[in-house]
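Take a look at the structure set out below.
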Amino acid sequence: MRYVSTRGEAPALLFEGALLAGLASDGGLYMPETWPKLDADAIAALAGLDYAEAAYQVMAPYLADDPALADLKAVLEEAYASFHHPAVAPLRQIAPGAWLLELFHGPTLAFKDLAMQVVARLMNRALQRNGSRATVVGATSGDTGAAAIEAFRGLDAVDVFILHPKGRVSDVQRRQMTTAMERNVHNIAVEGTFDDCQALVKALFSDVSLRDSLDLTGVNSINWARILAQIVYYFTAAVALGAPYRPVAFTVPTGNFGDIFAGYAASRMGLPIARLVIATNLNDSLARVFATGIFEPRGVIATSSPSMDIQLASNFERLLFEIGGRKAQRVTGLMAELRATGAFHLEGAELDQLRHLFVAHSVGEHETEITIRGLFEETGVLADPHTAVGVAAARQESIAAPMIVLATAHPAKFPEAVERATGRVPEQPERLRPRLGQQERCAFLPNDYRAVADFIKANARAPVGDARVGAGV
Ligand SMILES: *Cc1c(COP(=O)(O)O)cnc(C)c1O
């Protein structure tokens, strides 16, 4: 399987190349050249498999002809052994026809673990195989950074630099990141928003000399491997509720559009999905584009669901590539329009295609809070604010298919919001306790490209070989 850039200029790569590159060199995102299909029999055969086995069936076609394929089975087994539920991603019914898909049983209590535990291992093995080293750079609104640091800490082949918006992540999220004392882990608190952090990371990648001298790679959901690992639970959940014989619907608390794009990929692979509901908080640029055809990100608003405080959803570019008939020129044009005018317009067939499978709802802060309270009163389930945004959005849909809401974080990750809504403090899982209340280590930097680039240059270990030659200062 080969991977092509949404912007059409970067060379096509095999899976391992896309995994190690993160962002494509032309600023685009890597996409599989074709969508592998699972027929009804293959989907039905996923029923009853271990999660790691099901993951292998779904993911392996994307690694066809790739050196990483030989690692995949062992990587998946190791990765999901770190989860604290034998089903890895269990379903819990919350109403007639409605389920939560619990994606928070990994080491950092958010769904990011499901992919990051896999991606870190695949990367480390690929680097070891090639005798090289890499510098992972990522922006986080809280959960990606925690999951990445947990997955990469102590790995020899990788240095990790995580940028988070200072003061805009929860206390638990921050401490999950800053209490990692391993020498290969570096936290940077940026004076700015998540969108600022993401823009800095993109700028680092477009600095060719820096990118090449430090072998920069990314583990944000701009990395295809993240999306790939997230496709799996759409299959396992749907099969548990009757797929391929009956279609299901999903509601996905959405920030950077990575998780829900994995649902779209599942549907392209043949999983019968009746509807994908995009649930956003007050940062509603995605909800607005569905309503009006105009994508116009505004300033980021801080909410009780900080991991979704994103206006400029990177992975939306992947969907634009698909609905535009995979014409890189169209994507490049839209991105140029966005840069020049702060917006772009979709119309006609493109908009129809968006609306064919997706709907989008924005959920306010009060509604989020009463949803947490209502769900607790009705079912005894404590939902974190991100999950509650999903539940509230799902309730606006009436559809005959079973509705599966992705529960993206454990309530104990956002205890203040849960307590405010319900009067209950969610119990902190055992595995989190030893990590909190320790010493913290973090650099504080302005929202300034030079400051961040200089910090990374000063702290990244030299890559193997003489790649640094000619890199400038
Ligand atoms: C990252 C995150 C999201 C948003 O996922 P995207 O892939 O960025 O759309 C939602 N909820 C939680 C808890 C998250 O950590």
Side-chain angles (χ1 to χ4, degrees), residues 29 100-116 119 138-150 162 164-165 168-170 172-174 176-177 194-195 197-198 201 218-231 233-234 250-265 276-281 283-287 300 303-319 358 360 362-363 368 372 383-393 405-415 417-418 426:
L29 306 179
L100 290 180
L101 175 57
E102 294 183 348
L103 300 173
F104 50 67
H105 294 284
T108 70
L109 313 185
F111 84 92
K112 304 291 197 299
D113 290 324
L114 279 121
M116 206 66 81
V119 171
T140 186
S141 50
D143 293 329
T144 298
I149 287 169
E150 185 62 34
I162 299 294
H164 72 261
R168 291 175 185 249
V169 298
S170 83
V172 173
Q173 287 176 320
R174 190 193 70 251
Q176 281 183 325
M177 297 191 282
F194 171 77
D195 283 357
C197 294
Q198 184 153 263
V201 168
V219 292
N220 280 106
S221 48
I222 52 177
N223 193 314
W224 167 255
R226 284 269 311 276
I227 309 271
L228 173 57
Q230 291 169 4
I231 298 173
Y233 44 75
Y234 287 90
F250 290 93
T251 300
V252 186
T254 294
N256 226 349
F257 209 74
D259 204 5
I260 196 159
F261 190 79
Y264 173 81
L276 286 169
V277 182
I278 301 166
T280 75
N281 62 24
N283 295 285
D284 63 348
S285 54
L286 289 168
V300 174
T303 71
S304 59
S305 45
S307 301
M308 293 152 59
D309 289 350
I310 296 172
Q311 288 275 355
L312 203 58
S314 289
N315 288 290
F316 195 52
E317 178 166 341
R318 292 192 150 107
L319 189 61
F358 293 94
S362 162
V363 175
T368 304
I372 298 175
D384 97 287
H386 304 76
T387 304
V389 167
V391 171
V405 179
L406 274 54
T408 50
H410 192 289
K413 212 160 178 183
F414 300 92
V418 174

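All residue numbers refer to positions in the sequence shown, counting from 1. When reading the values below, keep in mind they use all heavy atoms of this one structure, side chains included, and skip hydrogens, waters and symmetry mates. Every number for a ligand or one of its atoms is a count from 1 in the order of the listing.
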Practice task
Record the part of Phe257 in heavy-atom contact with ligand 1 below 4.0 Å; permitted values are side chain, backbone, both and neither.
Solution key: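 Within the 4.0 Å criterion, Phe257 contacts ligand 1 through backbone atoms alone.
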Give the residue and atom name of whichever protein heavy atom lies nearest to [atom], and the separation in Å to one decimal.
atom	value
atom 9 (O) of ligand 1	Gly255 N, 2.8 Å
atom 15 (O) of ligand 1	Asp143 OD2, 2.4 Å
atom 2 (C) of ligand 1	Lys112 NZ, 2.4 Å
atom 6 (P) of ligand 1	Asn256 N, 3.5 Å
atom 12 (C) of ligand 1	Thr408 OG1, 3.4 Å
atom 7 (O) of ligand 1	Asp259 N, 2.9 Å

Handout entry: Modelled atom types, side-chain donor and acceptor of Asn256 and Asn220, under 3.5 Å
Key =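 On atom types as modelled, these side chains do not qualify, holding no pair under 3.5 Å.
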Problem - contact_flag Ser221 ligand 1 heavy-atom lt 4.0 Å - result: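 In this structure, Ser221 fails to qualify as a contact of ligand 1 - no heavy atom is under 4.0 Å.
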Exercise for the section: Measure the distances from the heavy atoms of Phe261 to every atom of ligand 1 and state whether one is below 4.0 angstrom. Expected result: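 Heavy atoms of Phe261 never come under 4.0 Å of ligand 1.
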Handout entry: From CG (Asn283) to CG (Leu312), nearest 0.5 Å
Key =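 The CG atom of Leu312 is 11.5 Å from CG of Asn283, to the nearest 0.5 Å.
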Handout entry: Leu276 CG to Ile278 CD1 distance, which is reported to the nearest 0.5 Å
Key =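 With rounding to 0.5 Å, CG (Leu276) is 8.0 Å from CD1 (Ile278).
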Please could you name the atoms of ligand 1 that [X] approaches to less than 4.0 Å, counting only its heavy atoms?
X	value
His386	11 (N), 12 (C), 13 (C)
Met308	10 (C)
Thr254	9 (O)
Gly258	6 (P), 7 (O), 9 (O)
Ala409	13 (C)
Ser307	2 (C), 12 (C), 14 (C), 15 (O)

Taking the side chain as every heavy atom from C-beta outward, state whether [X] and [Y] have any pair of such atoms under 4.5 Å apart.
X	Y	answer
Ile260	Phe250	no
His410	Glu102	no
Ser305	Phe414	no

Handout entry: Test of proximity, Thr144 against ligand 1: N or O pairs below 3.5 Å
Key =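 No; every N/O pair is 3.5 Å or more apart.
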Handout entry: Under 3.5 Å: donor-acceptor pair, side chain of His386, backbone of Ser307
Key =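 Yes, because the side chain of His386 sits within donor-acceptor range (under 3.5 Å) of the backbone of Ser307.
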Handout entry: Test item: Arg226 side-chain N/O and Lys112 main-chain N/O as donor-acceptor pair under 3.5 Å
Key =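 Side chain of Arg226 to backbone of Lys112, a donor-acceptor pair under 3.5 Å: no, none is there.
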Problem - Aromatic centroids of Phe104 and Phe111 separated by under 6.0 Å - result: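 No, ring centres 6.0 Å or more apart.
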Handout entry: Of Thr280, Asn281, Asp195, the residue whose pairing with Asp309 passes side-chain contact (heavy atoms from CB on, under 4.5 Å)
Key =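 The option that passes is Asn281.
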